[in-house]
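Before any comments, here is the structure.
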Amino acid sequence: MSASATEAELFAKALRVLALREHSRLELAKKLASLTEDSSLIEQVLDKLAQSDYLNDQRYAEMLVRSAVSKGYGPLKLSHLLREKGVESELAKTVLDEAEIDWQTLAAYQRQKKFGDTLPIDWPERARQSRFLAGRGFYLETINAVFHEKC
């Protein structure tokens with residue numbers, strides 16, 4: 001395709017891309033931008049895809065949350081990831097709230113998977129494990145709750 005793709009060519013390319021996996025509007029716009037500099041044409045194609053429900057940011061956000069939770073990421077990391085992918089903050093908040101994830105259970109599982117069943121008794125090891133969970137995107141309150149739970 002040339003740098004001046006037609007609307008039909010852009011629509012066809014977008015459908016091929018969406019057939020592989022869900023994309024956010026922003027991601028798809030970036031991919032189509034490599035085919036034409038006409039941003040109004042890209043917006044037209046994106047609007048047409050959204051009207052046909054081929055392009056749906058809520059569905060994309062839900063897929064991204066499921067995928068990231070399965071990788072053991074916490075709410076902070078998920079919020080950042082959604083924002084980075086172009087999902088509006090209100091939609092991101094709604095999707096995270098509706099996901100009904102027990103963050104403490106997920107954090108405890110990630111800690112146990114990486115470090116074993118025994119909770120640390122010395123501060124340096126607890127700090128190391130806390131940094132691991134913080135890097136995964138869990139809130140400090142959740143991390144502290146993991147080390148104070150009675151299993």
Side-chain angles (χ1 to χ4, degrees), residues 1-115 126-149 151:
M1 282 186 218
S2 66
S4 59
T6 67
E7 182 179 348
E9 290 171 329
L10 287 175
F11 192 82
K13 170 68 175 177
L15 282 178
R16 285 193 302 278
V17 168
L18 288 170
L20 298 175
R21 73 167 176 84
E22 294 282 347
H23 285 71
S24 69
R25 187 177 181 99
L26 178 68
E27 281 182 316
L28 194 54
K30 285 179 181 177
K31 288 187 179 188
L32 295 179
S34 66
L35 304 175
T36 183
E37 284 96 35
D38 188 352
S39 60
S40 64
L41 182 59
I42 291 172
E43 286 301 315
Q44 265 183 291
V45 170
L46 294 175
D47 289 342
K48 194 184 267 190
L49 289 163
Q51 288 171 349
S52 303
D53 203 34
Y54 292 125
L55 180 64
N56 184 315
D57 273 357
Q58 177 160 354
R59 193 171 56 225
Y60 171 77
E62 290 167 354
M63 179 274 307
L64 192 64
V65 167
R66 279 191 308 274
S67 173
V69 165
S70 73
K71 293 176 184 172
Y73 295 141
L76 288 170
K77 186 117 177 177
L78 279 168
S79 294
H80 176 74
L81 190 57
L82 288 166
R83 198 171 40 250
E84 190 178 80
K85 297 293 185 178
V87 176
E88 292 181 16
S89 58
E90 281 301 310
L91 178 58
K93 182 180 177 348
T94 301
V95 168
L96 283 172
D97 290 345
E98 289 175 358
E100 296 180 7
I101 299 162
D102 184 345
W103 297 112
Q104 184 177 339
T105 301
L106 181 61
Y109 174 73
Q110 290 302 312
R111 192 216 62 79
Q112 184 263 338
K113 185 171 137 186
K114 173 108 174 137
F115 300 105
R126 179 178 167 174
R128 186 171 84 91
Q129 292 183 19
S130 294
R131 283 191 303 276
F132 167 76
L133 292 173
R136 286 285 179 145
F138 291 99
Y139 287 107
L140 182 60
E141 298 81 29
T142 305
I143 295 168
N144 286 334
V146 166
F147 290 105
H148 290 98
E149 69 182 357
C151 295

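Computed from a predicted model, the values in this text were never measured in an experiment.
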Considering all heavy atoms, the nearest [X]-[Y] contact:
| X | Y | result |
| --- | --- | --- |
| Thr142 | Ala107 | CG2-CB, 4.0 Å |
| Leu49 | Ala14 | CD1-CB, 3.4 Å |
| Ser130 | Phe147 | OG-CE1, 3.3 Å |
| Lys13 | Leu35 | CG-CD1, 3.5 Å |
| Ala108 | Val146 | N-CG2, 3.7 Å |
| Tyr73 | Leu78 | O-CD1, 4.1 Å |

### Message
Do the side chains of Glu84 and Lys77 get close enough for a salt bridge, i.e. N-O under 4.0 angstrom?
### Response
no
Between [atom1] on residue [X] and [atom2] on residue [Y], distance to nearest 0.5 Å:
| X | Y | atom1 | atom2 | result |
| --- | --- | --- | --- | --- |
| Leu91 | Leu82 | CG | CG | 8.0 Å |
| Leu26 | Glu88 | CG | CD | 11.0 Å |
| Thr36 | Leu10 | OG1 | CG | 6.0 Å |
| Arg59 | Asp53 | CZ | CG | 4.5 Å |
| Gln110 | Phe115 | CD | CZ | 10.5 Å |
| Gln51 | Asp47 | CD | CG | 6.5 Å |

#### Entry: Flag, side chain of Arg111 to backbone of Phe132, donor-acceptor distance under 3.5 Å
no
### Message
Is there a side chain to side chain contact (heavy atoms under 4.5 Å, CB included) between Gln58 and Glu98? Walk through the geometry before answering.
### Response
CA-CA 11 Å; Gln58 177 160 354; Glu98 289 175 358; 4.0 Å; yes
Would a 4.5 Å heavy-atom cut-off, applied to side chains only, mark [X] and [Y] as touching?
| X | Y | value |
| --- | --- | --- |
| Arg21 | Tyr60 | yes |
| Trp103 | Ile143 | no |
| Ile101 | Val65 | yes |

## Note on the structure
Which of Leu96, Asp97, Val95 passes side-chain contact (heavy atoms from CB on, under 4.5 Å) with Lys93? Answer is Asp97
### Task
May I have the step-by-step check of side chain to side chain contact (heavy atoms under 4.5 Å, CB included) for Val87 and Leu64, ending in yes or no?
CA-CA 10 Å; Val87 176; Leu64 192 64; 5.6 Å; no
### Query
Partners of Lys85 by salt bridge (Lys or Arg N to Asp or Glu O under 4.0 Å), sequence neighbours excluded?
Glu27
